[in-house]
Amino acid sequence: MTPLFVAQRVLLVDDEAFVLKLLARQLQNLGYQQLDSCDSGLAALERLEATTTAAAPPFDLIFCDLQMPGMDGIELVRNLALRGYAGGLVLVSGEPGRTLQTAERLAQAHGLNLLGALRKPVDPGLLREVLTRHIAAPQRATERAAPAYSADELRQALAQRQFVNHYQPKVELASRQLVGAEVLVRWDHPQHGLVGPDRFIGAAEEHGLIDELLKTVLVSAFEDGRAWQQAGLVLTLAVNASMDNLSWLGLPDFVAEQAAAQQFPLTRLVLEVTESRLMTNPLAAIDTLTRLRLKRIALSIDDFGTGHSSLTQLRDLPFDELKVDRSFVHGAAADPALRSILESSLTMARQLGMSTVGEGVEDLADWGVLRQAGCDLAQGYFIAKPMPAADLAPWAAAWPQRSATLLRA
Ligand code: G
Ligand code: G
Ligand code: MN
């Protein structure tokens with residue numbers, strides 16, 4: 001376990017000294033170093049107030065027992081909400097599952113950042129899973145919120161063609177063959193250097209420029225795809241679409257026209273979709289997705305398992321591919337909870353006739369777990385990081401040799 005969590009300040013609240021000690025030990029084993037504990041809800045609130053009023057920031061994470069003398073966990077949760085506590089919350093209890101579930105819903109209804117609920121004694125695998133969710137989700141959220149670019153800045157960047165596509169290889173686990181690449185846009189900013197999508201996608205959505213961005217990403221992808229094809233490199237290209245893009249009813253026709261202009265076959269295009277925000281116009285999205293499908297463009301459900309990409313979508317929409325989120329892939333070999341989520345997601349996808357991709361493959365163990373679980377494709381730093389278009393052909397040429405070494409064949 002890498003110490004991903006060292007910077008996190010954690011408060012444990014439980015009236016049983018033994019539970020506090022055990023949980024503290026488990027968290028220390030996971031790399032947490034800044035642990036604080038108290039034995040009642042009231043003491044927790046005092047602690048929180050002391051840290052909030054002082055220059056020090058409040059806690060990043062609170063573990064809260066339900067059954068406590070004096071102020072119980074439910075009351076503490078209510079008080080946390082009243083004080084605007086914005087950190088993560090994990091409920092821990094010996095109470096039966098239903099009670100814990102109800103408490104969970106209550107915490108969510110209060111608008112708290114609930115990471116999960118754990119039964120006592122706390123299973124180390126489940127604990128890690130809950131914490132992984134914490135580092136996976138909120139980090140992405142804050143990154144997205146970072147420096148907001150204005151509509152004018154984005155418009156100018158579009159006009160000056162400052163957005164460039166990078167490509168991350170997707171390889172078949174069974175054959176190790178390169179079969180495609182995910183297109184990941186970057187902003188080659190004249191002052192800020194290469195800016196990642198997490199820092200401008202949100203702004204582009206907000207300013208109504210996300211369709212313009214998708215257009216440039218698609219056109220460049222078709223151009224690059226055509227060049228690779230002429231060089232003998234046949235690749236399936238996967239482009240990311242925002243939910244907002246799906247309200248654009250003209251998207252399927254635009255895609256078809258541009259692909260035809262570059263003689264790029266639509267059967268080699270995949271559209272990756274994450275439910276990044278509430279679907280504002282579900283009818284339009286279903287219309288667009290279905291028409292894309294009719295044009296033989298493959299649809300992929302991205303970041304599966306993160307809570308954005310949900311079972312409801314699988315039921316309602318014609319997806320061809322499921323991408324298991326990297327938080328369930330990396331480290332799954334050594335973690336029974338992650339592994340079972342990963343395996344059951346893959347099994348479900350297969351039963352629905354979808355092909356599968358594991359993203360976030362960072363080491364040989366991740367590769368092995370996917371291979372064993374029968375996943376079709378792998379993507380991640382272990383194989384290659386996203387790279388400029390010009391680097392892809394050389395990378396592809398070197399891959400057979402490199403993969404043999406990496407996988408010790
Ligand atoms: O490399 P990475 O930082 O590339 O990408 C971060 C996130 O940005 C990913 O969730 C990815 O899906 C998203 N993303 C990358 N390129 C695009 C794009 O062209 N359009 C949209 N909507 N999202 C993108
Ligand atoms: O949400 P989406 O699946 O489109 O995200 C792709 C994002 O994941 C990009 O930001 C990309 O840079 C990143 N990424 C790709 N491979 C890995 C990996 O092996 N580990 C990690 N942590 N991130 C990765
Ligand atoms: Mn993606």
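Basis for what follows: all heavy atoms, side chains included, without hydrogens, waters or symmetry-related copies. Note that ligands are numbered from 1 as they come in the structure, with each ligand's atoms numbered from 1 the same way.
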Give the atoms of ligand 2, by number and element, whose distance to some non-hydrogen atom of [X] is under 4.0 Å.
X: Glu359; answer: 3 (O)
X: Gly380; answer: 16 (N), 19 (O)
X: Pro386; answer: 12 (O)

Between [Y] and [X], is the closest basic N to carboxylate O distance under 4.0 Å?
X: Glu223; Y: Arg226; result: no
X: Asp36; Y: Arg9; result: no
X: Lys170; Y: Glu272; result: yes

- Select one of side chain, backbone, both or neither to describe which atoms of Leu184 lie under 4.0 Å from any atom of ligand 1, heavy atoms only.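 Within the 4.0 Å criterion, Leu184 contacts ligand 1 through backbone and side-chain atoms alike.
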- Part of Leu214 with heavy atoms under 4.0 Å of ligand 1, whether side chain, backbone, both or neither: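 Near ligand 1, Leu214 shows nothing, with every heavy atom at 4.0 Å or more.
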- If you count the non-hydrogen atoms of other residues, nucleotides and ligands that lie under 6.0 Å from CD in Gln401, is the total more than 12?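 Open.
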Below a 4.0 angstrom heavy-atom separation, can you tell me which part of [X], side chain or backbone, both or neither, approaches ligand 2?
X: Lys385; answer: neither
X: Asp302; answer: side chain
X: Asn240; answer: side chain
X: Pro197; answer: neither

- Taking distance alone, with no angle check, do Ser242 and ligand 1 share an N/O pair under 3.5 Å?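 Between Ser242 and ligand 1 (N or O atoms, distance only) the closest approach is under 3.5 Å.
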- Kindly report the OD1-the Mn ion (ligand 3)-OE2 angle for Asn240 and Glu182 respectively, rounded to 10°.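 With the Mn ion (ligand 3) as the vertex, OD1 (Asn240) and OE2 (Glu182) sit 80° apart.
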- Item | Angle at the Mn ion (ligand 3) (to 10°), with one arm to OE1 of Glu272 and the other to OD2 of Asp302 |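 Value, to the nearest 10 degrees: 90°.
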- Work out which heavy atom in Ala259 is nearest to a heavy atom in Leu266; give both atom names and the distance.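 Closest pair (atom of Ala259, atom of Leu266, distance): CB-CD2, 3.5 Å.
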- Query: Do you know which two heavy atoms are closest between Ile74 and Leu106, and how far apart they sit?
  - Reply: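 Reported closest heavy-atom pair: CG2-CD2, 3.5 Å.
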Which word best sums up how the rings of [X] and [Y] line up, parallel for under 30°, tilted for 30 to 60°, or perpendicular for over 60°?
X: Trp187; Y: Phe200; value: perpendicular
X: Trp228; Y: Tyr167; value: perpendicular
X: Trp399; Y: Trp395; value: parallel

- Item | Within-cut-off N or O pair, Asp303 and ligand 2, under 3.5 Å |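 So ligand 2 has an N or O lying under 3.5 Å from an N or O of Asp303.
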- Message: If you measure every N or O of Glu362 against every N or O of ligand 2, does any of those distances drop under 3.5 Å?
- Response: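 Yes, since at least one N or O of Glu362 sits under 3.5 Å from an N or O of ligand 2.
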- Message: Could you work out, for atom 1 (O) of ligand 1, the closest of Gln168, Arg199, Arg186 by heavy-atom distance?
- Response: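 Minimum heavy-atom distance to atom 1 (O) of ligand 1 goes to Arg186.
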- Message: Can you name the atoms of ligand 1, numbered from 1 with element, that are less than 4.0 Å from a heavy atom of Asp198?
- Response: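 By the 4.0 Å cutoff, the relevant atoms are 6 (C), 7 (C).
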- Is the shortest heavy-atom distance from the side chain of Asp363 to the side chain of Tyr381 under 4.5 Å?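 No, too far: nothing below the 4.5 Å cut-off.
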- Query: Does ligand 2 have an atom under 4.0 Å from some heavy atom of Glu182?
  - Reply: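 Glu182: in contact with ligand 2 (<4.0 Å).
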